[in-house]
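Heads up, the thing below is written out as structure tokens.
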Amino acid sequence: MSAVVAVTPPAKRRRVDGGKEVAIIEGLPDHLSEICLSLVCRPSLLAAVCTRWRRLVYSPEFPPFSSLYALFVDPNSDPARVNPAIRFMCFDPVSSKWIPLPPPPPDQPLHRILYRHPSYISFNFPIQCVSAAEKLVLIAGSNREFSPAISHPLIFDPTSSSWTSGPPFESPRRWCATGACGGAVYVASGMGSQFSPNVAKSIEKLDLTDHNWQKLREMRDSRFSREAIDAVGWRRKLLMVNVKGDAVKEGAIYDVVGHDWEAMPEEMVAGWRGPVAAMGEETLYSVDERNGTVRVYNEEEREWREVTVVEGGEEKLKGAQQVTAVAGKLCVVTVDGRILVVDVMAEPAKIWTVENPEGLEPVSVHVLPRMSRPGIS
């Protein structure tokens, strides 16, 4: 005899406002209201209607929109601490305001990370972050003793608005190559408290789904431990160039599928004149730190082609230090502490500035889903 199973429709979820249950849209169960409102392309329109809809836009039930995240330093913090205070913030495109991220647990190493030192007047010590699998990951930095300040990655998840600690590094390091490809985090080369050939040639992978570090095939030499560099994820490969500026460069490519190293084509290395990022891990863009020129890489012809920008745009982009590429736009941090957005899909490419929080200087920017804020009013 077959059993009859009753299927219960989803419950009519209700938001509570002032002790009363309030529907998102009167007459509809909330789960259907969420589906209807999620079809609106501009969350800012929903947020402007009423408090109920604004809370929905920032809730875990609503499809997240992209937001700009940044690592800032406070140059006016207590000089006796040597390193300025480090701040992580998110730029909310709906309200056009910078929102501080929840503070990491007090036992985390942020207070130990060095950014400036009185003995190095014109040099900022690198603080290395990457974004992978829709999370922000703090990877490497130096402490006051010029040793690695971070023993395990610090991971921020925008969906839960919370920080967690990743598994400890087998070899904590600084001045390394850091990047992401296919949702995994990669750390290569660098040095610990002192130079070690083993560390300088090593590469590790962190899968954020199982939280385990995996040692990969060693690099061919230790020439990539001279300064902090980006490992750019591009078409299932990691691209690395060993130095910044106008010095003679050497490039290496790691195949994350075949687990093998190869030399970077000279034509590709030649265009590495500033920060480089890959749009969707498919299209390479570079910003020339000397003259502000934006270029896109053509793999078939092995050449970098200039992207035409609006008049005066190249002047604004001079001194580019870091770049991220998402959804047809480049987000650039410059040496004079500005955050610029370049719309490379427009002809010519449009450029605008995102104002910094007062008194803070940007170190790096990343694009991730908006931070959940269910208690917003």
Side-chain angles (χ1 to χ4, degrees), residues 67-93 95-131 135-158 161-165 174-175 178 227-228 230 244 275 289 316 319-324 331-341 352-368 370-371 373:
S67 295
L68 187 67
Y69 289 72
L71 166 61
F72 290 100
V73 295
D74 181 359
N76 300 315
S77 57
D78 184 2
R81 295 180 56 203
V82 179
N83 57 317
I86 294 173
R87 313 277 179 84
F88 286 98
M89 304 189 80
C90 169
F91 185 79
D92 180 1
S95 64
S96 297
K97 294 180 180 179
W98 286 100
I99 310 297
L101 268 61
D107 61 338
Q108 298 305 320
L110 291 189
H111 66 283
R112 299 197 298 267
I113 297 176
L114 181 71
Y115 185 66
R116 292 199 176 108
H117 193 283
S119 299
Y120 299 85
I121 298 175
S122 60
F123 179 74
N124 295 329
F125 286 79
I127 304 172
Q128 294 178 267
C129 289
V130 300
S131 54
K135 295 179 176 64
L136 182 65
V137 186
L138 177 62
I139 294 287
S142 301
N143 62 19
R144 298 187 189 188
E145 290 74 39
F146 307 121
S147 295
I150 300 173
S151 60
H152 51 264
L154 189 58
I155 304 167
F156 179 75
D157 184 351
S161 296
S162 62
W163 293 91
T164 56
S165 295
R174 58 198 177 101
W175 292 9
T178 56
E227 60 180 296
D230 294 323
K244 300 176 181 178
E289 60 182 303
K316 295 179 180 180
Q321 298 294 295
Q322 189 258 346
V323 62
T324 188
C331 299
V332 184
V333 175
T334 63
V335 71
D336 56 358
R338 288 178 298 152
I339 299 176
L340 302 172
V341 180
W352 62 91
T353 302
V354 179
E355 295 296 331
N356 297 334
E358 185 176 356
L360 298 181
E361 295 180 6
V363 176
S364 63
V365 292
H366 309 268
V367 177
L368 296 165
R370 63 94 180 93
M371 185 168 56
R373 300 164 62 199

Does the side chain of [X] reach to within under 4.5 Å of the side chain of [Y], using non-hydrogen atoms?
| X | Y | value |
| --- | --- | --- |
| C90 | L101 | yes |
| Y69 | P158 | yes |
| F88 | C129 | yes |
| I139 | V130 | yes |

Any idea which heavy atoms bring [X] and [Y] closest together, and the distance?
| X | Y | result |
| --- | --- | --- |
| P126 | F123 | CD-CZ, 4.4 Å |
| L68 | C331 | CD1-SG, 3.8 Å |
| S147 | R174 | C-CD, 3.7 Å |
| F72 | N356 | CE2-OD1, 4.0 Å |
| S131 | L368 | CB-CD2, 3.8 Å |
| P148 | N143 | O-ND2, 3.7 Å |

Among V341, L340, I339, side chain to side chain contact (heavy atoms under 4.5 Å, CB included) partner for T353: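 With T353 as partner, side chain to side chain contact (heavy atoms under 4.5 Å, CB included) holds for just one option, L340.
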Chi angles and distances behind the side chain to side chain contact (heavy atoms under 4.5 Å, CB included) call for Y115, S142: CA-CA 8 Å; Y115 185 66; S142 301; over 6 Å; no
Using modelled atom types only, decide if a donor and an acceptor are shared between the side chain of Q128 and the backbone of A228 within a distance under 3.5 Å. no
Between R338 and K316 (side chain of the first, backbone of the second, donor and acceptor by atom type, cut-off under 3.5 Å), is there such a pair?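 Present.
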Here the gap from I99 atom CD1 to R373 atom CZ, rounded to the nearest 0.5 Å, amounts to 4.0 Å
To the nearest 0.5 Å, how far apart are CG in D230 and OG1 in T178? 6.0 Å
For P102, enumerate each residue passing the side-chain contact (heavy atoms from CB on, under 4.5 Å) test, keeping only those at least two apart in sequence or located in another chain. F156, S161, M371
Which atom pairs, donor and acceptor, lie under 3.5 Å between side-chain atoms of residues 357-365 and protein residues at least two apart or in another chain?
from: E361; atom 1: OE1; to: R116; atom 2: NH2; distance (Å): 2.7
from: S364; atom 1: OG; to: H366; atom 2: NE2; distance (Å): 3.2

If you apply the rule side chain to side chain contact (heavy atoms under 4.5 Å, CB included), what do you find for L138 with I113, and how did you get there? CA-CA 11 Å; L138 177 62; I113 297 176; 3.9 Å; yes
Check against side chain to side chain contact (heavy atoms under 4.5 Å, CB included), L114 and F146: CA-CA 8 Å; L114 181 71; F146 307 121; 3.7 Å; yes
